Amino acid sequence: MEISDKHEWLEADGLGGYASSTTSGIRTRRYHALLLTATTPPAGRLVLVNGFDAWIEGKGTKVWLSAQRYAPDVASKNECLRSFQFQPWPCWSYRLALDLWLEHEIFVPHGQSMVVLSWRLSGRVDEGHTLTVKPFLSGRDFHSTHHQNDTFRFEPKIEADTVRWQPYGGIPAIVCRSRASYHHDPQWYRNFLYTQEKERGLDFLEDLAAPGELVWQLDSGNREAILTFQAEGFSEPEERSVEDWVAELRLTERERRTRKTDLIQRSAETYFVSRGSGKSVIAGYPWFADWGRDTFISIRGLGIASGDLEVTRDILLEWANHVSEGMLPNRFPDQGAAPEYNSVDASLWFIIAAGDLLEAASANPGLVDEVGIQKLKAAIEAILSGYQKGTRFRIYLDEDGLLAAGVPGVQLTWMDAKVDGKVITPRVGKPVEIQALWINALAIGKKFSPQWGSLFEKAGQAFESRFWNEAGQQLFDVVDVDHQPGVTDPATRPNQIFAVGGLPFAVLSGARARQVVDRVEAKLWTPGGLRSLAQDEPGFVPHYLGSSKDRDSAYHQGTVWPWLAGAFIEAWVRVRGNTPEAKQEARDRYLEPLRSLMNGIGLNHLPEITDAVEPFTPRGCPFQAWSVGEFLRLDRVVLRA
């Protein structure tokens with residue numbers, strides 16, 4: 001695997017926390033951290049240990065084992081670093097001499113807010129070596145940066161093999177365990193430079209506190225140095241020696257990870273996190289929390305297609321607790337605020353996912369007990385009834401059987417960018433994918449409550465007559481724009497593909513369905529997914545670059561979204577009769593190019609977005625749940641022979 005600042009690895013703890021950096025070891029984001037803990041899983045995330053400096057001395061030479069970048073743009077380099085691999089967890093190999101190597105590993109045990117680091121000599125050890133590790137600490141919100149101040153507490157509490165630091169009041173203490181000698185030497189390291197944040201127009205300089213040094217003596221009889229960092233109160237304390245403890249953790253983690261031999265399926269587990277007594281899905285690492293829309297879209301691949309049905313059950317049952325006025329939250333904020341009910345589609349995607357789960361449960365007796373089944377059905381009924389009656393943000397059932405939604409200044413669909421109070425793609429009225437979701441939700445609802453049958457028929461009949469754009473040979477993106485009857489938006493966007501693929505029931509069929517697929521392919525398909533706007537449309541933006549305003553303005557104005565590949569490829573296969581030949585051709589033409597993105601910025605994962613023009617550079621979040629989820633749904637369900 002290439003060693004660079006562009007390739008990123010991720011070790012998630014299943015609670016919302018993680019360890020992450022680049023294969024070179026240089027942190028390029030303020031989100032890169034060694035110990036990042038979720039204090040109220042999966043939210044309340046704090047960076048406790050940002051990183052470290054490390055070096056080894058022997059035979060009169062000093063070899064650096066870490067790399068940093070400082071302002072204005074000065075980076076150190078590991079000249080003896082020879083290789084990197086990320087399975088079953090990140091491992092770096094250093095060549096210290098002709099027949100002497102040092103292996104460095106980092107892994108995060110599942111379900112614990114901690115990280116394990118080890119360095120092990122291999123080969124011929126002629127004499128002793130001294131390994132020194134200097135940790136860099138902060139204790140800040142993970143969205144912010146840290147700067148030198150007089151309130152940071154450097155003083156440690158030392159007991160046996162444990163060193164504790166409590167940088168600030170009100171945050172978890174950092175518990176460090178090792179057999180190293182600790183030498184207290186408090187210093188500030190200033191102006192770490194994060195190139196990804198600089199590129200994104202955000203704060204990109206940080207000061208970190210180095211309280212002291214951990215030192216091991218390594219020789220032929222003692223080849224390994226082991227170090228653990230924990231967030232006090234969020235991991236179980238251990239009375240055993242650190243060596244015995246880590247040996248068990250390593251064995252348990254290796255067995256857990258190798259249960260699934262498919263690497264992308266193994267990556268799917270990364271996104272499952274605890275929420276309350278249940279489970280949820282992190283929308284993307286490193287900065288997203290658990291979003292409703294993302295959870296329900298991605299769980300169809302991450303959970304159901306992957307065979308993790310119990311996790312899927314727990315996630316959907318947990319979210320079913322949060323139905324309010326027919327709506328589910330689009331987002332749980334990271335710090336304490338109330339859930340945000342500002343999405344028209346999240347609730348409908350919940351019904352799609354719940355329908356998939358109930359269908360899977362019929363073939364897996366005992367998967368969902370009767371109480372759980374009734375809870376899911378009640379949530380589906382509450383959503384359909386809430387939308388029928390009308391709910392927040394002028395979401396209501398119109399006379400034609402279709403769903404209208406939207407008020408000025410509020411973004412309700414997945415195209416939700418907003419800059420300086422201005423919604424970039426307002427889509428107020430009747431957005432095309434919302435109708436496809438609504439009709440599919442009614443189809444699921446009528447299986448349990450016949451009352452939805454007539455409305456399903458009415459909406460289905462109205463859809464094609466209202467949305468077909470004869471002049472463009474495609475579907476309108478929105479009809480009754482701004483709630484004005486008959487006003488349409490003819491922009492060529494990917495949302496129309498959901499009328500043919502991506503959902504259990506195709507609401508458009510025949511020649512027109514084929515025309516939509518052909519139009520979307522010609523105008524929007526790229527090797528990374530679908531463009532959010534055709535290149536010849538007004539407002540098209542080719543690159544996702546610049547300040548926050550620039551990037552938000554480009555977010556749905558051309559930027560490519562890998563998760564949309566799921567709906568497109570399924571539609572492409574459907575209009576060709578779902579034949580084995582069509583499925584194989586789709587794999588070769590579309591799925592394999594998408595797979596190549598897994599060797600991009602987020603190792604063994606798919607990114608959130610890419611640029612809209614060649615070379616389709618990956619951008620945004622490097623580890624995105626719905627991108628991975630839709631890939632798995634395609635691989636395991638849609639294109640299955």
Side-chain angles (χ1 to χ4, degrees), residues 3 19 24-25 34-35 49 51-68 76-85 88-109 114-136 156 158-165 174-185 187 210-230 238-254:
I3 298 168
S24 72
L34 194 60
L35 178 64
V49 183
F52 59 88
D53 259 345
W55 61 91
I56 191 166
E57 298 173 89
K59 292 186 176 180
T61 62
K62 180 178 181 179
V63 177
W64 284 93
L65 307 172
S66 57
Q68 317 291 340
S76 55
K77 185 178 180 182
N78 300 312
E79 293 186 354
C80 62
L81 179 57
R82 291 294 179 266
S83 67
F84 170 84
Q85 63 182 36
W89 45 68
C91 179
W92 294 260
S93 294
Y94 301 84
R95 189 171 189 174
L96 304 182
L98 183 63
D99 52 0
L100 180 62
W101 292 78
L102 183 73
E103 305 290 329
H104 170 45
E105 294 184 338
I106 296 178
F107 72 90
V108 171
M114 69 176 296
V115 61
V116 178
L117 300 88
S118 69
W119 294 262
R120 182 176 178 82
L121 290 172
S122 63
R124 184 175 178 178
V125 182
D126 292 330
E127 62 177 54
H129 290 73
T130 301
L131 173 69
T132 304
V133 175
K134 181 191 293 283
F136 297 132
I158 302 174
E159 182 179 351
D161 65 356
T162 302
V163 182
R164 285 179 174 82
W165 297 283
I174 302 161
V175 180
C176 170
R177 288 194 66 194
S178 74
R179 287 291 188 92
S181 299
Y182 176 70
H183 305 293
H184 192 56
D185 182 23
Q187 299 179 45
E213 296 176 352
L214 298 153
V215 181
W216 293 260
Q217 301 300 321
L218 301 180
D219 53 37
S220 58
N222 179 33
R223 291 172 174 256
E224 186 173 26
I226 294 173
L227 172 63
T228 68
F229 291 108
Q230 296 172 262
E238 272 289 340
E239 300 298 328
R240 291 175 293 173
S241 71
V242 67
E243 290 85 2
D244 290 346
W245 181 35
V246 167
E248 182 177 316
L249 289 172
R250 184 182 279 127
L251 178 61
T252 301
E253 271 303 299
R254 189 179 295 275

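Here the structure is a predicted model, which means the values were calculated and not measured. FYI, side chains are in, hydrogens and waters are out, and symmetry mates aren't considered; it's all heavy atoms of this structure.
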Give a yes or no answer on whether the side chain of T252 reaches the backbone of L249 with a donor-acceptor pair at less than 3.5 Å.
no
CE on M114 to CG on L34, rounded to 0.5 Å:
11.0 Å
Which value, rounded to the nearest 0.5 Å, describes the distance between R164 atom CZ and T162 atom OG1?
5.5 Å
Salt bridge check: are D161 and R179 linked by an N-O gap of less than 4.0 Å?
no
Do the side chains of T228 and V175 get nearer than 4.5 Å, heavy atoms only?
no
Parallel, tilted or perpendicular, as decided by the 30° and 60° cut-offs, for the rings of Y94 and H104:
tilted
CG of L227 to OG of S178, rounded to nearest 0.5 Å, is 5.5 Å
Which one of N222, L131, L100 satisfies the side chain to side chain contact (heavy atoms under 4.5 Å, CB included) criterion with L121?
L100
Give, for atom CZ of R177 and atom CZ of F229, the distance between the pair rounded to the nearest 0.5 Å.
13.5 Å
For the OG atom of S66 and the CZ atom of F52, what is their distance to the nearest 0.5 Å?
6.5 Å
Is any side-chain heavy atom of D53 closer than 4.5 Å to one of Q68?
yes
Is any side-chain N of the basic residue among E103 and R95 closer than 4.0 Å to the acidic one's carboxylate O?
no
Whether the E213 and T132 side chains hold a donor-acceptor pair (N or O, under 3.5 Å, no angle test) is what I'd like checked.
no
In plain terms, say whether E248 and R240 are close enough for a salt bridge, that is, a side-chain N and a carboxylate O under 4.0 Å apart.
yes
I'd like to know if the side chain of E127 and the backbone of K59 have a donor-acceptor N/O pair within less than 3.5 Å.
yes
Do other residues, nucleotides or ligands put more than 12 heavy atoms under 6.0 Å from the CZ atom of R82?
yes
Would you say R223's side chain and G123's backbone share a donor-acceptor pair under 3.5 angstrom?
yes
Step through the shown structure and confirm whether more than 12 heavy atoms of other residues, nucleotides or ligands are within 6.0 Å of CD on E79.
no
Looking only at side-chain N and O atoms, does D219 offer a donor or acceptor that is under 3.5 Å from a partner on Q217?
no
To the nearest 0.5 angstrom, please state how far the CH2 atom of W55 sits from the CH2 atom of W64.
5.0 Å
